[in-house]
Amino acid sequence: MAVCSIIGYKGNSYAAPLLVESLKKMEYRGYDSVGIATIENGNILVKKGVGKVAQVSKTLDLQNMPGQIGIGHTRWATHGGITDTNAHPHEGCSSEIAVVHNGIVENYKELKKDLIASGHSFKSETDSEVIAHLLEEEYSQLHDKVQAIVQVCNKLDGAYAFVAVFGDSTICGSRYDEPLIIGLPDNGYFISSDVLGFLQYTDKAIFLDNKDIVVITGENLSLYDSSGKAVSRSITQVAWELGAADKGIYAHHTLKEIHEQKKTVLKGMIQNEEDLTRFCDILLNAKSIYITGSGTSYHCALLAKHIFAKLAKVRVEPVISSEFQYVLDFIDKDSVILAISQSGETADVLNSVKHAKELGAKILSIVNISTSSLARISDSFLTVNCGPEIGVAATKSFTGQLAVFYTVIDKLCNSAIGINSKRQAIESAIELLLSTEEQTIRIADLLKDIRDIYILGKSLHFPIALEGALKIKELTYIHAEGIAAGEIKHGPLALIDNNSIVIVINPRDNTYDDVLSNAHEIKSRGATLIGISNQSEEVYDHFIKLPNFDSILYPLVEIIPLQLLAYHLALKKNADPDYPRNLAKSVTVK
Ligand code: AGP
């Protein structure tokens, strides 16, 4: 499977309506297909189909499935096409066990071959169906659910989280490197990929450790370790407010999250002094520092390199997490890995950190979810505090991550930025940029039929050009490319003609004149230029005004017009801004 959402419920209420609501809350994890299994009078009823939760729930009347126990799933396909048969839940041959799964069973082909040899027959093309048949096989031999799950987990290669229901109304599950959390409302239990799956019913949760096993029979919840020995785990109070995941007055989560930045950026600057000191001490004692992340979080790492160099005179090396293995030879006990991740569950980031930890490195992280796997394996972590980010495209988490970095670097260089004295200026700058929305809508109208967009930026502004291009790619499906301004004449200029659209990020700082000459070079090839700056120039055909602002802080705010542009372009292209095709919010597979 891949990056999916799984949910299980057992309690005094009808399970189906609760499961449907939970799946809606977690749909950003995967939205190719949906399915639910409930149990009544020992019979397992499964309904599943291709499409999003609201649509499939209506078509298949999922809400009215019987029973007070059930499991549910939304899929982001990797193994097997997007079909009803490949949707979860998957059953064993006897239909006495149904399973939902998140992760990848890397050895599913061998396991499937052995199971077929011992008489099992498979319906789907997925790797996940193997777990249903394996559990059925082990249970038929051992007649002990805990030991059967122990055997299943020992046979699975790869990261996984799965929840299974048995005809006798038992619900159980286990995890390895994929999140699985128990929610503790009154009168029942949830088992979920994400706290958002049960946050509207309770903020009390148990975060399972790797290879923990949970079994709920009758009204009892029991936990076991990977050998089947009974264990207890602490209950955590989840920090998020109930309504934080709702759209409120906004048409989409993405637009709400863009507008939330006038508050969330300031929240990112509020860090617990003790945690901040510990974080900085570990940085100061490092002989080498690598900053790693994926996607938007990697763009934050690239920008951090510039700010560390410029202000703290500290050399850090940004490394894309999926490319991390090439630096492993240089990592040792004097190295620090600073990992950035909104979700704290991105497999490429977790793998990088695990390898580095094995080599003795210290792990620091900046996360938005303080209970995430990355936070839990870090020696010290700081939180972005921007609340749940539902829109698949990272927006407020990016500026929040930057705000944390500015706060860390300000501490490292004895308030050289004076970030706290700039809170007001930052808030009004963001307010002003959010008010350019009308303008970005007009520019979106100009760009809706364009095939390629190029975004230029130099030094601090280059990572912002990359981030702006990523937002346009993932929200509008238009090819967009972020280019280091000085590089344009070393090749990309060949792409430019009078149909080309080029966005130039060029606020007044020490890069201004160079980038302005690049803009003229491009203009002379007939391109249409959109300038984002605090100084207008004739060379721009369209202009988005940035406020006059502390030049070192421009990256914190200059991304906002590009976020708004990508959002409104998506609307103009009838793309769903919250659930872009083929993507998922946290990529928990390699
Ligand atoms: C960004 O808009 C994308 N959703 C994606 O690139 C994302 O930044 C990446 O998958 C990393 O996610 P993380 O910050 O949760 O680790």
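Remember, it's 1-based here, ligands and their atoms both numbered in the order they're listed. Below, each value reflects all heavy atoms present in this structure, side chains not excepted, and no hydrogens, waters or symmetry copies.
In terms of protein heavy atoms, atom 4 (N) of ligand 1 is closest to V392 O, 2.7 Å. Nearest to atom 6 (O) of ligand 1 among the protein's heavy atoms is G295 CA, 3.3 Å. The protein non-hydrogen atom at the shortest distance from atom 11 (C) of ligand 1 is S294 O, 3.3 Å. Of all protein heavy atoms, the one closest to atom 2 (O) of ligand 1 is E474 OE2, 2.4 Å. Among protein heavy atoms, the minimum distance from atom 10 (O) of ligand 1 is reached at V587 CG2, 4.1 Å.
Checking only distances, G344 never comes within under 3.5 Å of ligand 1, N or O to N or O. In terms of N/O distances under 3.5 Å, ligand 1 is not approached by Q401. Between A394 and ligand 1, at least one pair of N/O atoms sits closer than 3.5 Å.
Closest heavy-atom contact between K448 and K573: O-NZ, 3.1 Å.
Looking at K362 and K357, their side chains never come closer than 4.5 Å, going by heavy atoms from C-beta outward.
Near S343, with a cut-off below 4.0 Å to any heavy atom, the atoms of ligand 1 are 13 (P), 15 (O), 16 (O). Atoms of ligand 1 lying under 4.0 Å from any heavy atom of A393, numbered from 1 in the order shown and given with element: 2 (O). The distance from ligand 1 to the heavy atoms of Q342 drops below 4.0 Å at these ligand atoms: 13 (P), 14 (O), 15 (O), 16 (O). Those atoms of ligand 1 that come under 4.0 Å of a heavy atom in K471, given as number and element, are 1 (C), 2 (O). Interface atoms of ligand 1 facing T346, defined by a heavy-atom separation under 4.0 Å, are 12 (O), 13 (P), 15 (O), 16 (O). Listed by number with element, the atoms of ligand 1 under 4.0 angstrom from any heavy atom of T296 are 1 (C), 2 (O), 6 (O), 8 (O).
Using cut-offs of 30° and 60° on the angle between ring planes, the pair H88 and H101 is parallel.
Here the side chain of N102 pairs no donor or acceptor atom with the backbone of S5 at under 3.5 angstrom.
Distances shorter than 4.0 angstrom do not occur between any heavy atom of S586 and any atom of ligand 1.
Aromatic rings of Y201 and F190 (six-membered ring for Trp) have centroids within the 6.0 Å cut-off, being under it. Remark: aromatic rings of H299 and F398 are distant, center separation not under 6.0 Å. Ring to ring, F324 and H355 are not that close: their centroids are 6.0 angstrom or more apart.
A donor atom on one side chain and an acceptor atom on the other are not found under 3.5 Å apart for Q563 and E467. Under the 3.5 Å distance criterion, with hydrogens and angles disregarded, a donor-acceptor pair is assigned to the side chains of S321 and T292. In the model, Q342 has no side-chain atom that pairs as donor or acceptor with a side-chain atom of S586 under 3.5 Å.
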